[in-house]
Amino acid sequence: MRSAPTILHLDMDAFYASVEQASKPSLRGKAVIVGGLGPRGVVATASYEARRFGVHSAMPTAQARRLCPNGAYLVPRFSLYRAVSDTVMGLLRELSPLVEPLSLDEAFVDLEAGGTAWDAASARAAGERLRADIAAATGLSGSVGLAGSKMLAKVASEEAKPDGLLLIEPGTERALLAPMPVRTLPGVGPATGEHLRRAGITTVGELAEAGEDELVRLVGRAHGVGLYRMALGLDDRPVVAERDAKSVSVEDTFDVDLHDRVRIRTEVQRLADRCVGRLRASGHSGRTIVLKVRRYDFSTLTRSETLRGPTDDPAVVREAAARLLEGVDTTGGVRLLGVGVSGLADYTQEDLFAQSLAGAAAGAEGADPGAQGPVQPPAGAEGAGGPEAASAGPGATGADGAAEPARERHWPAGSDVSHAVYGPGWVQGSGVGRVTVRFERPGSTPGRVRTFRVDDPDLAPADPLPLVGHGEAPSAESAEGAGAGPGTP
């Protein structure tokens, strides 16, 4: 514990949903839910307007739709979230070299190590300046907690939400924590909270009064000792600047269970490519390939294979994942597939043996020119469901090798598009051969809505626009005034 509140915790407010509201002017002040949109989708983030209806993260999207039927349900755009996160983390590193990111929207900062703060007044000034800088750079709000320990700083930022700052003066920790529910403390989940409730302990103050021996008896030594220290506000953990990634992985949950073995193999290959894309983006390679399969009955199987050396070659990862799949029984159907790489390193060691096998197989089957050299993942694949996801997915050829008819282009709600006449916009919805697009951009007024055929040649997927500093552009109204006809065919 420090004698001054120089540990800062930043937590961006409803981050994914706030980015969507800043990016889409027509959604500001409205209920926005970001997550999987299919029957098995899960809410990633809900705006504060949606939370008033009882919607929260990790809730099934189907349940959220029942609670908030008029909300805007959007697919995540991780490439944009990462870009905004990079901006925010850059501002934190201007305060101190000791920044410990916990996720895209959350981090600890040691202000004392950066010479930014040394007492309560300077810490508060640094926190307020940070909030103003974030608003100027991104247009978003973040909540800041300041305290003498990491645990208390995180508690403070949670209490400050939304868009606030709370500083816990040293010596006031126990009085502040005492009336809070036990679930406020890190590591106290639903099961532990219920166990403590049955023992008559519902607040942090009651935890402290119970004493260390009683908590050890209730929840075990390791957890009991830690709980007692936290109830007293004691936490000596330092801010750690670098957290080494242990693995990189991707997974997909399917709206309908997959039964066709060929389709399952194709999905595994696609996931392997996406995983390698993330691996390369992080500047790593890895030795251990991991396959995750969740079957129709929710049983989950994990298989792994360790290579002779680290690799970031998509062909090697695909081959290993395919071998692992051969040992998994998918009878009855598969609801989730995942591919990961662990044992990360900062260098690669070419697996010549695996590559020679791949080359021999390609030659035996009439080598596909596109298979030579590295295979890049589809653009935006990490965005979990962008328009490109269905443009070159499984099913392009049948089991007998015959070409199947081209599938209809898919336009997930919330994804970015650009029209040759009307410019940038985003998908409000699609179905029955039509896609509805709202043409607006960050910083503009709410835009006009137009409907097109899903195969309209003038409409194409686009990259997200930056939230700040992109400049104004002609609105949909001005485009219409210039003589553009209606978009509906």
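Throughout, numbering of the chain's residues begins at 1 and tracks the sequence. Remember, predicted model here, so these are calculated numbers, not experimental data.
A donor-acceptor pair under 3.5 Å links the side-chain atoms of Q21 to the main chain of K30, judged by distance alone. R51 contributes no side-chain N or O that, together with a main-chain N or O of H56, makes up a donor-acceptor pair within less than 3.5 Å. In this structure, E173 contributes its side chain and G171 its backbone to a donor-acceptor pair below 3.5 Å. In this structure a side-chain-to-backbone donor-acceptor pair under 3.5 Å is missing from R318 to Q269. In terms of modelled atom types and a separation under 3.5 Å, the side chain of T192 and the main chain of G189 share no donor-acceptor contact. A donor-acceptor pair is defined here as one N or O able to donate and one able to accept, closer than 3.5 Å; no such pair exists between the side chain of S444 and the backbone of E440. A donor-acceptor contact shorter than 3.5 Å is absent between the side chain of H195 and the backbone of V219. At least one donor-acceptor pair closer than 3.5 Å links the side chain of E100 to the backbone N or O of V240. Remark: the backbone N or O of I134 is paired with a side-chain donor or acceptor of T138 at under 3.5 angstrom. A donor-acceptor pair is defined here as one N or O able to donate and one able to accept, closer than 3.5 Å; such a pair exists between the side chain of K150 and the backbone of P238.
Closest heavy-atom contact between A72 and L27: CB-CD2, 3.8 Å. The minimum heavy-atom distance between L207 and L227, with the atom names listed, is CD1-CD2, 4.5 Å. Residues S57 and A44 share a closest heavy-atom pair of CB-O, 3.3 Å. In plain terms, the two heavy atoms of P442 and P466 that are nearest each other are CG-O, 3.6 Å. Scanning all heavy atoms of the two residues, the minimum distance from A22 to R28 falls at O-NH2, 2.9 Å. Closest non-hydrogen pair, G71 versus Y73, comes out as O-CD1, 3.3 Å.
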For a side chain to side chain contact (heavy atoms under 4.5 Å, CB included) check, start with the C-alpha distance between V290 and S249, then their side-chain angles and the critical distance, and finish with the verdict. CA-CA 8 Å; V290 181; S249 63; over 6 Å; no
Please determine whether side chain to side chain contact (heavy atoms under 4.5 Å, CB included) holds for the pair Y296 and H259, giving the CA-CA distance in whole Å, both sets of side-chain angles, and the decisive distance to 0.1 Å. CA-CA 10 Å; Y296 68 98; H259 293 84; over 6 Å; no
Could you go step by step and tell me if S143 and D11 meet the side-chain hydrogen bond (donor to acceptor under 3.5 Å, both in side chains) rule? CA-CA 5 Å; S143 296; D11 196 351; over 6 Å; no
When you look at R2 and E112, which way does the side chain to side chain contact (heavy atoms under 4.5 Å, CB included) test go after all the steps? CA-CA 10 Å; R2 298 184 177 183; E112 185 177 311; 3.7 Å; yes
Begin from the C-alpha positions of S96 and D110 and carry the test side-chain hydrogen bond (donor to acceptor under 3.5 Å, both in side chains) through to its verdict. CA-CA 6 Å; S96 171; D110 187 335; 5.4 Å; no
Start with the C-alpha distance between E159 and L176, add both sets of side-chain angles, then the distance that settles side chain to side chain contact (heavy atoms under 4.5 Å, CB included), and finish with yes or no. CA-CA 11 Å; E159 290 296 303; L176 177 76; 5.9 Å; no
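A donor-acceptor pair shorter than 3.5 Å can be found between the side chains of T306 and T288.
The residues E267 and R263 are annotated as salt-bridged, a charged nitrogen and a carboxylate oxygen being separated by less than 4.0 angstrom. A salt bridge links R131 to E128: one of the charged nitrogens lies within less than 4.0 Å of a carboxylate oxygen.
Ring geometry for Y81 versus Y16: interplanar angle under 30°, hence parallel rather than tilted (30 to 60°).
Interatomic distance, CG of L166 versus OG of S157, reported as 9.0 Å (0.5 Å rounding). Taking CZ from R183 and CZ from R197, the interatomic distance works out to 12.5 Å, rounded to the nearest 0.5 Å. Taking CZ of R294 as the reference point, atom OG1 of T302 lies at 9.0 Å (rounded to 0.5 Å). From D329, atom CG reaches atom CG of L301 across 8.5 Å, with rounding to the nearest 0.5 Å. If you take SG on C68 and CZ on F53, they are separated by 4.5 Å, rounding to the nearest 0.5 Å. Interatomic distance, CZ of F254 versus CD1 of I264, reported as 8.5 Å (0.5 Å rounding).
In this structure, L140 and D13 have side chains that are not in contact, with every pair of non-hydrogen atoms separated by 4.5 Å or more. Residues P424 and L465 have side chains in contact (heavy-atom distance under 4.5 Å, counting atoms from C-beta outward). Using a 4.5 Å heavy-atom threshold, the side chains of T172 and I168 count as touching. Inter-residue side-chain proximity for S18 and S141 is flagged as unmet; no heavy-atom pair is nearer than 4.5 Å. By the 4.5 Å heavy-atom criterion applied to side chains, T203 and P179 are not counted as neighbours. Counting heavy atoms from C-beta outward, I289 and V316 have side chains that stay 4.5 Å or more apart. Side-chain atoms of K154 and F108, non-hydrogen and from C-beta on, do get closer than 4.5 Å to each other. Residues D236 and R229 form a side-chain contact, since some pair of their non-hydrogen atoms from C-beta on lies under 4.5 Å apart.
A salt bridge (charged side-chain N to carboxylate O under 4.0 Å, His left out) with D252 is found for one member of K292, R335, R270, R40 and no other, namely R270.
Within a 6.0 Å radius of CG in D463, other residues, nucleotides and ligands contribute 12 heavy atoms or fewer. Under a cut-off of 6.0 angstrom, the local environment of CZ in R237 is crowded, with over 12 non-hydrogen atoms contributed by other residues, nucleotides or ligands.
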